[in-house]
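Structure first, then comments.
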2 protein chains.
Amino acid sequence: MTTALAQPAVKLIVQRQFYTFASPPNPMPLDSGASLGPITLAYETLGTLNSEASNAVLILHAFSGDSHVAGYLSESDTRPGWWDTMVGPGKAIDTNIYFVICINILGSCAGSTGPASINPATGDFYALSFPMVTIGDMVRAQKHLIDHLGIKKLMALIGGSVGGMQVLQWCVAYPEMVRSAIPLATTGRHSPQAIAFNEVARQAIMADPEWNMGDYYNGPGPTHGLAVARMIGHVTYLSDESMREKFGRRLHRSSLSFNFSGDFEVESYLHHQGKKFVDRFDANSLLYITKAADYFDLVREGGNLLINPALAGVSFLVISFSSDWLYPTYQSRDIVSALKKNGSDVSFCEIEAQWGHDAFLLPNERLHGLISGFLERIHHEYCV
Amino acid sequence: MTTALAQPAVKLIVQRQFYTFASPPNPMPLDSGASLGPITLAYETLGTLNSEASNAVLILHAFSGDSHVAGYLSESDTRPGWWDTMVGPGKAIDTNIYFVICINILGSCAGSTGPASINPATGDFYALSFPMVTIGDMVRAQKHLIDHLGIKKLMALIGGSVGGMQVLQWCVAYPEMVRSAIPLATTGRHSPQAIAFNEVARQAIMADPEWNMGDYYNGPGPTHGLAVARMIGHVTYLSDESMREKFGRRLHRSSLSFNFSGDFEVESYLHHQGKKFVDRFDANSLLYITKAADYFDLVREGGNLLINPALAGVSFLVISFSSDWLYPTYQSRDIVSALKKNGSDVSFCEIEAQWGHDAFLLPNERLHGLISGFLERIHHEYCV
């Protein structure tokens, strides 16, 4: 049965904005030892920054996300932002109360500088001449924008998956700028299994002759390889249980084909996801961002970077999902036990959800309740 | 420390043999409705068939296996068969007692008829004109060979993974020919997650322009696509835990590369596995055999085929491995609970092992003890 959903009387319109910095001769240093500039970051904001600049909530997006976290880009736009169920007036991340910022990550392809951008020094696409960037570099770039917005301390940082890595990296790099942090469905240390999946995805792209060592921007590009890479990703975002629930062994045709055109609904789903992704994402950006995730490791030889007295003043809400096998609960528990050593205020919750890693993006009453409650408390302690 | 391992005084030499049947005008009917002939099966035997032909143990190999289960193919051969730790004189599957048979599956590329074979009707490679074969067709072909060997009833069937599917299929198709069966690390119903991984592997091959709609036997073939497909497979054969144990985040170089050439040991491992596979396996065979696995479903609409009074006389030993997430333990439990409805003699064991799906192929005292004990009992009841 289809029922008319209640629509808000006024459509929330947001505008993509851009901030450019680190122009030569002052490029931004990178973890690799290289440097990059100028850097442009695409971002969107919702709500109003209060006069003390104390109500800012920075949302960090996942691997293939963008700055368009909520609302619509125009009156005629029919597709809301990627976390519109969570962010907006009266929602869990309430834009009537908080000033929400979402920034497209460095290396991506949705407005921020990345391999598909033109290098002003050459007038040509960066392609593989784009330097390798780390989660640390992404966060370093974000700090330039946060400084530019006049925000000295973020009331909260929230992000899932690769966004959660950025949340943790912010805490480690700029603890004095963070009042609270909500890392979701993430890890402090990319596991060898997660690296393995990323490497297979990269190999699928690089095996496509149309990838052409990354130099494909005047041609069709590695569409087949990118689709295969995305299919690999989607298998890891779901779970055995969620696939049985969602697809089972149902056919998408009336009987078995006895050929290689695809028989099962789960196959059509993956084909569709692969195809859709090719239309919106840059293959080189996938290579760079997956590599940044693989390099992410806060538990490095010199000691666990999450164990730091400077983090004692940061409040944490760490959330994992029971069926997430890409960043399983034990990895969130590792984050929690490190943070607790600082004497920090740390809450942890594993949410029972069958949707695998994807769960953090799906509407979930428990998740919404936890986040809104935590933010209300921090707002009360910090802003009121 | 390297120590000289005790070598048996006499090297066990086995010979690959071939059996051809179903020649026109009497091809073998297939589940798809098509038919195929002539069919050649490559097989090897170890030990001696007793005069009552009652000591035959049929070993069914996994997806990429072959008939060379144990021993050496010549005096100068240095690489033993794939299950040499399990099969041989005095070993768990003791060739001093049992007559062991291992058959390369229909559709494979190690001596049996498959897409890389010449179609005698055309003088050209079958390639994609090879008909789709199912696990049922593989077993139907094996029955021709078992009949030819004069064996009316197999003392035991043993196989893991796709080999375990054949074990179950034998029981369902020819219950009167089976005294006992040991399905290892397998399923009665290929899950949507397992289908998803197979489909991504197939797409990786078919995306390679050198695949050329399967018609590549006069060229280099889809080497890149096949390597990617194999890497996907290997990620599913290990587990999160085994990868942490085996590789952790160790680099295979002295420091991070900050490029796309691969940094971590887990990446080198996958590259190596992909490359090795390209040298020994046919890409079209991968397509056909994965498809046969995907089609495998004994729990189909008409009712669970494992629930059948004809199976009451078959003894079962069902074994799963705790860290196998490709065919997790609950899928073995489903097999067990169906079989128990027949009043069959069914033993079940989940072996604690951290090596993921690969565990069934690795030396394991518990596994060896369970199999040898079960076979001794069956031999005592049935042959002595």
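Chain A is the first sequence line, chain B the second, and so forth, proteins listed ahead of strands; every chain is numbered from 1.
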Distance-only donor-acceptor pairs under 3.5 Å for side chains of residues 27-35 of chain B, two or more places apart:
from	atom 1	to	atom 2	distance (Å)
B:D31	OD1	B:R140	NH2	2.9
B:D31	OD2	B:T134	OG1	2.5
B:S32	OG	B:A34	N	3.2

Charged N-O contact under 4.0 Å between B:R249 and A:D294: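 Here B:R249 does not pair with A:D294 in a salt bridge, since their nearest N and O are not under 4.0 Å apart.
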Which answer fits [X], side chain, backbone, both or neither, if we ask what part of it has an atom under 4.5 Å from a heavy atom of chain B?
| X | result |
| --- | --- |
| A:Y269 | neither |
| A:V266 | side chain |
| A:L270 | side chain |
| A:Y330 | side chain |

Hey, which of [options] has the most heavy atom pairs under 4.5 Å with chain B?
| options | answer |
| --- | --- |
| A:D240, A:L287, A:D208, A:T223 | A:D240 |
| A:L238, A:V133, A:N259, A:L256 | A:L256 |
| A:M231, A:E265, A:E241, A:E267 | A:E267 |

Residue B:R244 versus chain A: region with a heavy atom under 4.5 Å: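 Backbone plus side chain of B:R244, per the 4.5 Å heavy-atom cut-off to chain A.
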Side chain / backbone / both / neither for B:N198 at chain A, heavy atoms under 4.5 Å: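 The answer is neither part of B:N198.
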Heavy-atom pairs under 4.5 Å with chain A, option from B:G248, B:S191, B:A201, B:G274 with the top count: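 Result: the option with the highest number of such pairs is B:G248.
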Greatest number of heavy atom pairs closer than 4.5 Å to chain A - which of B:R250, B:H224, B:M243: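 Looking at each of B:R250, B:H224, B:M243 in turn, B:M243 comes out on top.
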ring-ring contact (aromatic ring centres under 6.0 Å, His included) partners for B:F264, two or more places apart: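 By the ring-ring contact (aromatic ring centres under 6.0 Å, His included) rule, B:F264 matches no residue at all.
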CA sep, side-chain torsions, deciding dist, call: B:D263, A:Y295, side chain to side chain contact (heavy atoms under 4.5 Å, CB included): CA-CA 9 Å; B:D263 290 275; A:Y295 278 6; 2.8 Å; yes
Shortest non-hydrogen contact from B:P209 toward A:P209: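 Shortest heavy-atom separation between B:P209 and A:P209 comes out as CG-CG, 3.4 Å.
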Closest approach of B:F260 to A:M206 (non-hydrogen atoms, all atoms of both residues):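 Shortest heavy-atom separation between B:F260 and A:M206 comes out as O-CE, 3.8 Å.
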Working for side chain to side chain contact (heavy atoms under 4.5 Å, CB included), residues B:K291 and A:F258: CA-CA 9 Å; B:K291 202 73 193 166; A:F258 292 105; over 6 Å; no
Stepwise side chain to side chain contact (heavy atoms under 4.5 Å, CB included) test for A:H271 and B:Q203: CA-CA 9 Å; A:H271 297 174; B:Q203 289 293 329; 3.3 Å; yes
